[in-house]
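Step one of this worksheet: look at the structure below.
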Amino acid sequence: MEFSKLSAPSLKELFIHELETMILSGKLPVGEKLPPERDLAQSMQVSRAVVNAGIAELGRKGFLTIKPRVGTFVADYRRNGTLETLTSILNYNGGVLRDGEVRSILELRIALDTMAVEHCIPKITEEEILKLKDYVKQLGEAMSPEAASEIAFHFQHELAYLSGNTLMPLIFSSFKIPVLFLWERFIRLYGLEVLYKNTEILCDYIAERNTEKAVDWLKHSINDTISGNRQIYY
């Protein structure tokens with residue numbers, strides 16, 4: 001049996017994690033001014049280079065606002081954050097998203113997936129349909145929620161790619177981590193078979209080139225997760 005190599009986090013990673021935890025827990029409230037870098041370095045027993053690099057990274061992720069010659073302040077990460085901020089929230093919560101975040105991701109999926117289906121069906125080829133069907137087959141044979149979630153992501157990403165919109169697959173990829181979290185939760189709550197059947201039905205409508213039924217089914221299955229019989233809120 002092979003074991004994965006273990007690697008210790010760097011001091012910069014530890015610094016970032018510590019400040020993210022303090023911000024997300026509310027210990028460092030929005031608007032709070034951080035001590036000067038020299039004082040932070042001394043207090044946390046790291047070099048100023050570590051503090052400087054960590055603050056720059058936290059600023060890029062939307063957790064801090066850096067005002068030259070004024071100071072560094074805790075930012076409203078919900079207003080200024082990025083998808084990396086969402087990943088940090090997920091890690092802090094142990095993979096748990098708040099209800100509003102779950103709903104927001106699912107609503108965005110309806111918009112993106114609907115556009116993908118509407119754009120790809122008029123021009124999809126038999127070869128491309130076979131590729132989608134192969135993903136469905138793999139999904140039915142998946143042995144774990146993690147493996148099934150990865151396959152479901154590949155199916156949806158392929159739809160985004162087939163839409164012909166150059167930005168859509170990039171946008172979908174940027175949401176991969178939270179989307180995988182939600183699919184894994186769905187499977188644990190309702191079983192892999194349900195996700196498999198939902199995807200199979202959508203694929204069949206695409207293969208029939210029936211845009212109206214594909215979009216209706218897509219909206220129905222996701223709305224069922226938002227407010228219907230298969231909600232996945234924590």
Side-chain angles (χ1 to χ4, degrees), residues 9-116 149 153 156-157 160 165-185 222 225-226 232-234:
S10 67
L11 287 175
K12 174 188 167 184
E13 290 169 335
L14 289 172
F15 173 84
I16 290 172
H17 175 73
E18 178 65 18
L19 261 68
E20 283 182 351
T21 299
M22 294 176 74
I23 293 169
L24 290 170
S25 67
K27 190 174 181 179
L28 279 175
V30 173
E32 179 91 356
K33 184 179 181 180
L34 295 188
E37 289 185 6
R38 182 186 295 106
D39 295 348
L40 268 178
Q42 184 175 4
S43 175
M44 301 180 76
Q45 297 184 18
V46 293
S47 69
R48 285 191 65 183
V50 166
V51 172
N52 183 267
I55 285 176
E57 181 75 8
L58 288 163
R60 188 178 64 80
K61 292 170 73 173
F63 285 109
L64 296 176
T65 299
I66 303 164
K67 298 181 179 180
R69 296 184 296 279
V70 177
T72 300
F73 300 83
V74 177
D76 184 349
Y77 57 87
R78 292 188 177 276
R79 183 180 296 275
N80 302 297
T82 66
L83 285 173
E84 286 184 277
T85 315
L86 180 57
T87 301
S88 295
I89 294 171
L90 277 169
N91 292 332
Y92 172 73
N93 290 335
V96 176
L97 285 166
R98 298 171 190 173
D99 289 358
E101 291 157 352
V102 172
R103 176 181 289 271
S104 296
I105 291 171
L106 293 174
E107 288 174 344
L108 187 59
R109 268 204 58 208
I110 289 177
L112 291 175
D113 291 357
T114 296
M115 185 184 298
S149 297
F153 173 82
Q156 297 292 342
H157 186 268
N165 185 300
T166 56
L167 294 182
M168 195 179 299
L170 302 179
I171 294 171
F172 199 82
S173 288
S174 68
F175 278 90
K176 181 175 183 179
I177 291 176
V179 165
L180 290 181
F181 271 116
L182 295 185
W183 264 321
E184 287 174 23
R185 177 162 174 77
I222 299 179
T225 309
I226 294 174
I232 56 175
Y233 303 114
Y234 288 85

Got a donor-acceptor contact below 3.5 angstrom from the S43 side chain to the D39 backbone? no

Contacts satisfying ring-ring contact (aromatic ring centres under 6.0 Å, His included) that involve residues 9-57 (not counting sequence neighbours) are none

Under 3.5 Å donor-acceptor, N80 side chain and D76 backbone: yes

Run the side chain to side chain contact (heavy atoms under 4.5 Å, CB included) check on Y233 and R103 step by step: do they pass? CA-CA 8 Å; Y233 303 114; R103 176 181 289 271; 3.4 Å; yes

Can you tell me how far the NZ atom of K33 sits from the OG1 atom of T65, to the nearest 0.5 Å? 13.0 Å

Walk me through it: do R48 and L40 pass the test side chain to side chain contact (heavy atoms under 4.5 Å, CB included)? CA-CA 8 Å; R48 285 191 65 183; L40 268 178; over 6 Å; no

Could you check whether any side-chain N or O of T72 sits under 3.5 Å from a backbone N or O of I66, counting only pairs where one atom can act as donor and the other as acceptor? no

As an exercise, state the distance from CD of E13 to CD of E57, rounded to the nearest 0.5 Å. 9.5 Å

List the atom of A75, the atom of G62, and the distance in Å for their closest heavy-atom pair. CB-O, 3.5 Å

Rounded distance (nearest 0.5 Å) linking atom CG of L19 with atom CG of L28: 6.0 Å

For F153, which residues count as a ring pair (Phe, Tyr, Trp, His ring centres under 6.0 Å) partner, sequence neighbours excluded? H157, F172

Heavy atoms of other groups near E107 CD, more than 12 under 6.0 Å: yes

Starting from the C-alpha separation in whole Å, work towards a yes-or-no answer on side chain to side chain contact (heavy atoms under 4.5 Å, CB included) for F63 and T85. CA-CA 8 Å; F63 285 109; T85 315; 3.6 Å; yes

All heavy atoms of T82 vs all of R60, minimum pair found to be CG2-O, 3.9 Å

I would like to know whether I55 and E37 meet side chain to side chain contact (heavy atoms under 4.5 Å, CB included); could you show each step before the answer? CA-CA 9 Å; I55 285 176; E37 289 185 6; 3.9 Å; yes

Under 3.5 Å donor-acceptor, K67 side chain and F73 backbone: no

Donor-acceptor pair, side chain of Y77 and main chain of L24, under 3.5 angstrom: no

Might you point out which heavy atoms bring M168 and A160 nearest each other, and give the distance in Å? CG-CB, 3.9 Å

First locate atom NZ of K176, then atom OG of S149, and finally report the distance between them rounded to the nearest 0.5 Å. 10.5 Å

Does M115 CE have over 12 foreign heavy atoms under 6.0 Å away? no

Strictly below 4.0 Å, N to O, side chains only: are E32 and K27 in salt-bridge contact? no

Could you measure the distance from the CZ atom of R185 to the CD1 atom of I232? Nearest 0.5 Å is fine. 7.0 Å

With sequence neighbours left out, the residues meeting salt bridge (Lys or Arg N to Asp or Glu O under 4.0 Å) with E18 are none

Can you name the closest pair of heavy atoms from T114 and I110 and give their distance? OG1-O, 2.6 Å

Quick one: do the S88 and K61 side chains pair a donor with an acceptor below 3.5 Å? yes

Donor-acceptor pair, distance only, cut-off 3.5 Å: does the side chain of S174 make one with the backbone of I171? yes

If you count every heavy atom of other residues, nucleotides or ligands that lies below 6.0 Å from L170 atom CG, does the total exceed 12? yes

Which atoms form the tightest heavy-atom contact between V74 and L64, and what is the distance? CA-CD2, 3.9 Å

Separation of I105 CD1 from T225 OG1 (nearest 0.5 Å): 12.5 Å

